[in-house]
Amino acid sequence: MRSRLSPARRGLIVAALGSSLTVSWASSYYIPAVLAAPMAADFELSEVWVFGAFSMAMVISSVAGPWAGARIDSQGGRGVLMLSNIVFAAGLGLLAVAPTPPVLFAGWAVIGLGMGIGLYEAGFATLTGIYGNDARGPITGITLIAGFASTVGWPLSGLMLATWGWREACFGWALLQLSVALPLNACLPVGSKRGDTSPRPVEPGPPPSRLAAYLLAFVFAATWFNSTAMATHLPGLLQIAGASPAASIAAGALIGPAQVAARVLEFGLLRRFHPLVSARVAAAAHPVAAAALVFFGGPAAHAFALLHGAGNGILTIAKGTLPLALFGTVGYGRRIGWLNAPARALQAVAPLIFGAAMATWGLSAIWLTAGIGVASFFALLVLRRA
């Protein structure tokens with residue numbers, strides 16, 4: 001299939017998939033930050049219950065991921081991604097009409113299924129099926145586009161909430177899933193290459209062992225834990241460090257641009273190197289940023305956000321490119337589903353664990369995520385090129 005795709009066609013595929021993933025991320029992972037409070041107030045619940053439902057959704061997504069990956073391996077990603085848009089719309093519709101908390105939880109459970117079959121892992125597997133060993137560039141391309149999901153999603157959710165209400169906002173996202181994301185995914189090629197067996201340069205030595213898979217799974221879990229913990233608690237953490245509320249918000253706003261800038265760097269300069277090189281540099285970014293925040297306090301808030309965001313941006317790409325580089329294309333979708341399953345599950349409890357650490361240790365809680373980052377760096381050092 002790869003040989004039949006012109007450069008223009010390849011660009012359209014990346015643009016279509018990246019845009020559809022932007023809608024999917026914005027209407028699932030990023031809606032609790034804006035809609036959790038009004039949801040909880042409508043049912044006279046604590047916000048903890050809504051975030052608990054969201055955590056349940058992420059656990060469900062970790063279970064669905066391997067199935068989706070295996071399906072993409074055998075039949076291509078277009079059908080799975082189109083199904084995810086329908087599932088997302090159904091879950092958002094359930095949220096919108098939910099008369100009781102159990103129905104609200106059911107809606108989040110359906111959204112969790114959509115997250116398992118319709119976010120980055122499914123996109124990476126789809127591109128690997130289309131491009132084979134040349135998928136690194138397209139994988140970076142879709143993360144460049146979908147990296148703006150929070151930039152688009154939070155303001156749009158806020159606008160719909162202010163104009164109509166949280167239920168209508170859920171309906172609005174369901175409509176965008178069906179009218180925007182679904183047609184974009186329908187533009188993708190139908191089939192998939194069942195593993196690119198063309199020769200590629202390899203270094204002398206044995207193929208990656210089972211230990212390599214365990215190390216990768218740990219690195220991905222560490223990345224998701226730190227990313228989710230910071231996404232949930234960053235403003236509060238920076239204020240504990242001494243930054244003002246305004247400075248904390250301004251610093252947090254730098255994370256998105258830092259992620260995108262780092263992905264541009266990966267797409268340009270760093271693509272000349274093996275993905276392990278960029279992943280190791282990225283894994284070191286958060287511990288360095290944490291040390292700067294502890295030693296310099298509030299004045300280092302912006303530097304912390306830039307370093308953390310840049311590292312997180314490249315590590316997101318590594319979740320797709322490292323399994324491809326180390327294990328090849330055969331069984332890629334199923335493998336990436338299993339490799340990211342622990343990450344999804346750990347992501348579900350990251351806000352609670354880091355929140356408890358902040359309440360107990362204050363700013364010193366940052367050493368928890370810094371230690372996890374150091375451990376992932378050394379895990380990447382143990383890995384060798386395939």
Side-chain angles (χ1 to χ4, degrees), residues 15-40 42 50-51 53-62 64-65 68 77 80-98 103-123 126 142-143 145-188 227-228 231-232 256 259 316 344 347-348:
L17 182 53
S19 299
S20 71
L21 288 174
T22 300
V23 175
S24 293
W25 277 105
S27 59
S28 59
Y29 186 81
Y30 289 111
I31 63 172
V34 178
L35 302 184
M39 280 184 188
D42 200 9
V50 177
F51 283 106
F54 180 56
S55 295
M56 173 196 65
M58 287 189 284
V59 172
I60 292 173
S61 74
S62 71
V80 173
L81 289 168
M82 292 175 68
L83 175 63
S84 76
N85 301 134
I86 297 171
V87 172
F88 275 129
L92 289 161
L94 273 177
L95 294 184
V97 302
V103 179
L104 186 77
F105 270 72
W108 276 113
V110 175
I111 290 175
L113 176 60
M115 293 168 70
I117 67 175
L119 293 182
Y120 272 147
E121 290 84 358
T126 299
I142 65 169
T143 62
I145 298 171
F148 291 99
S150 61
T151 306
V152 173
W154 283 337
L156 187 53
S157 289
L159 177 62
M160 290 190 286
L161 173 65
T163 305
W164 300 310
W166 75 266
R167 293 181 183 272
E168 290 78 6
C170 290
F171 266 129
W173 281 119
L175 181 61
L176 287 172
Q177 281 285 350
L178 297 177
S179 62
V180 177
L182 180 62
L184 286 172
N185 284 330
C187 297
L188 300 174
S227 174
T228 305
T232 307
Q259 290 184 144
T316 300
R344 292 287 190 191
Q347 182 186 20

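What you are looking at is a predicted structure, and each value in this text was computed from that prediction instead of being measured. We're numbering straight along the sequence, starting at 1. As a basis for the values below, the full set of heavy atoms in this structure was taken, side chains included, without hydrogen atoms, waters or symmetry mates.
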Rounded to the nearest 0.5 angstrom, the CE-CE distance for M115 and M58 is 6.0 Å

Going through the checks in order, is the side chain to side chain contact (heavy atoms under 4.5 Å, CB included) test met by L95 and L35?
CA-CA 11 Å; L95 294 184; L35 302 184; over 6 Å; no

Check whether the side chains of Q177 and S27 place a donor and an acceptor atom closer than 3.5 Å, and report yes or no.
yes

Is the shortest heavy-atom distance from the side chain of M160 to the side chain of W173 under 4.5 Å?
yes

Working to the nearest 0.5 angstrom, can you tell me the gap between I145 CD1 and T22 OG1?
6.5 Å

How many angstroms lie between atom CE of M39 and atom CH2 of W108, to the nearest 0.5 angstrom?
5.0 Å

Would you say that N185 contacts T126 through its side chain, given a criterion of any heavy-atom pair below 4.5 Å between the two side chains?
no

From L184 atom CG to S19 atom OG, the distance as rounded to the nearest 0.5 Å
6.0 Å

Between CD1 on residue I111 and OG on residue S24, distance to nearest 0.5 Å:
11.0 Å

Would you give the length of the straight line joining atom CG of L119 to atom CG of L81, rounded to the nearest 0.5 angstrom?
9.5 Å

Within-4.5 Å side-chain heavy-atom neighbours: Y30 and S157:
no

Report the C-alpha distance between T228 and Y29 in whole Å, list the side-chain angles of each, state the deciding distance to 0.1 Å, and finish with yes or no for side chain to side chain contact (heavy atoms under 4.5 Å, CB included).
CA-CA 10 Å; T228 305; Y29 186 81; 3.5 Å; yes

